[in-house]
Amino acid sequence: MSNDTLQRLTETLEVRKGAAPESSYVARLFSKGDDAILKKVIEEAGEVLLAAKDGDKQHLVYEVADLWFHTLVLLAHKGLRADDVLQELARREGTSGIVEKNNRLDKVEQ
């Protein structure tokens, strides 16, 4: 997904936050709040796992797109943007996953 696509989706989600629930699926999801949005993220994550086990690559791509989309909805609901995640990924780039995880664990313990 290009940054342009993420930017457009982010902007659309921001508009939907203020829309009437009957006007769009996303507006309705926002109106239902945390539990409904979290339920969709969990549901989509499960569908990604099942698609991965099936071995159908196109189905896996479809399900990951659903998961990414609903995760973007969650971020928007919490006042965050795709850019926040991209900045975090950029921060981690070039750092061993083991080192990065240990650094996070060290911060939690302090």
Side-chain angles (χ1 to χ4, degrees):
M1 191 180 301
S2 74
N3 284 345
D4 290 344
T5 303
L6 284 174
Q7 183 61 37
R8 285 192 306 275
L9 276 171
T10 297
E11 290 168 3
T12 299
L13 293 174
E14 285 302 313
V15 169
R16 296 292 193 271
K17 283 170 78 172
E22 60 276 1
S23 69
S24 79
Y25 166 77
V26 172
R28 185 171 53 245
L29 200 51
F30 279 135
S31 75
K32 291 180 179 180
D34 280 355
D35 288 346
I37 295 168
L38 294 171
K39 182 179 176 184
K40 282 305 293 183
V41 171
I42 291 169
E43 175 186 323
E44 297 302 340
E47 290 175 6
V48 165
L49 298 177
L50 293 173
K53 286 191 66 118
D54 285 346
D56 179 340
K57 291 181 180 181
Q58 189 54 46
H59 186 214
L60 178 58
V61 168
Y62 178 87
E63 295 300 345
V64 169
D66 281 352
L67 176 59
W68 285 13
F69 177 79
H70 286 90
T71 302
L72 290 170
V73 171
L74 175 61
L75 288 170
H77 183 65
K78 296 297 185 177
L80 297 166
R81 303 171 67 85
D83 283 344
D84 297 314
V85 176
L86 292 173
Q87 288 174 11
E88 176 60 17
L89 289 171
R91 184 191 68 76
R92 294 181 188 185
E93 189 174 6
T95 302
S96 158
I98 294 169
V99 171
E100 197 282 326
K101 184 174 182 178
N102 286 339
N103 287 343
R104 278 188 284 139
L105 292 175
D106 289 343
K107 287 180 184 177
V108 170
E109 292 174 359
Q110 293 176 6

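Within the 4.5 Å cutoff, no side-chain heavy atoms of W68 are placed close to those of V48. R81 has its side chain out of reach of L6: every pair of non-hydrogen atoms, C-beta onward, lies at least 4.5 Å apart. By the 4.5 Å heavy-atom criterion applied to side chains, D83 and T10 are not counted as neighbours.
There is no path of hydrophobic side-chain contacts, each under 4.5 Å, that joins V61 to L9. Linking Ile, Leu, Val, Met, Phe, Trp and Tyr whenever their side-chain heavy atoms come within less than 4.5 Å puts L89 and L75 in one cluster. Cluster annotation: L49 is not connected to V64 through the hydrophobic network of ILVMFWY side chains, with a link wherever side-chain heavy atoms come within less than 4.5 Å. The cluster map of Ile, Leu, Val, Met, Phe, Trp and Tyr, joined by side-chain heavy atoms under 4.5 Å apart, puts L80 and F30 in the same cluster. Using a 4.5 Å cut-off between side-chain heavy atoms of Ile, Leu, Val, Met, Phe, Trp and Tyr, with links allowed through other members, I42 and Y25 fall into different hydrophobic clusters.
Scanning both residues, R16 and V26, for their nearest heavy atoms gives CB-CG1, 3.7 Å. Listed here is the closest heavy atom pair of A82 and L72: CB-CD2, 3.7 Å. Between A51 and H59, the shortest heavy-atom contact is CB-ND1, 3.6 Å. The two residues A19 and S23 come nearest to each other via the heavy atoms CB-OG, 3.4 Å. Of all the heavy atoms in S24 and A27, the pair that sits closest is OG-N, 3.0 Å. A76 approaches E14 most closely through the heavy-atom pair CB-OE2, 4.1 Å.
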K78 vs D34, side chain to side chain contact (heavy atoms under 4.5 Å, CB included): CA-CA, chis, key distance, verdict: CA-CA 9 Å; K78 296 297 185 177; D34 280 355; 3.0 Å; yes
V73/L29 under side chain to side chain contact (heavy atoms under 4.5 Å, CB included): CA gap, chis, key distance, verdict: CA-CA 9 Å; V73 171; L29 200 51; 4.0 Å; yes
Residue pair D4, R8: steps toward the side chain to side chain contact (heavy atoms under 4.5 Å, CB included) verdict: CA-CA 6 Å; D4 290 344; R8 285 192 306 275; 3.5 Å; yes
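Rounding to the nearest 0.5 Å places CZ of R92 at 13.0 Å from CD of Q87.
Not a single ring-ring contact (aromatic ring centres under 6.0 Å, His included) links H77 to another residue, sequence neighbours left out. Listed by chain and number, the residues in a salt bridge (charged side-chain N to carboxylate O under 4.0 Å, His left out) with K32 amount to none (sequence neighbours excluded).
Remark: E43 does not engage K39 in a salt bridge, criterion side-chain N to carboxylate O under 4.0 Å. No salt bridge links K40 with D66; every basic N to acidic carboxylate O contact stays at or beyond 4.0 Å.
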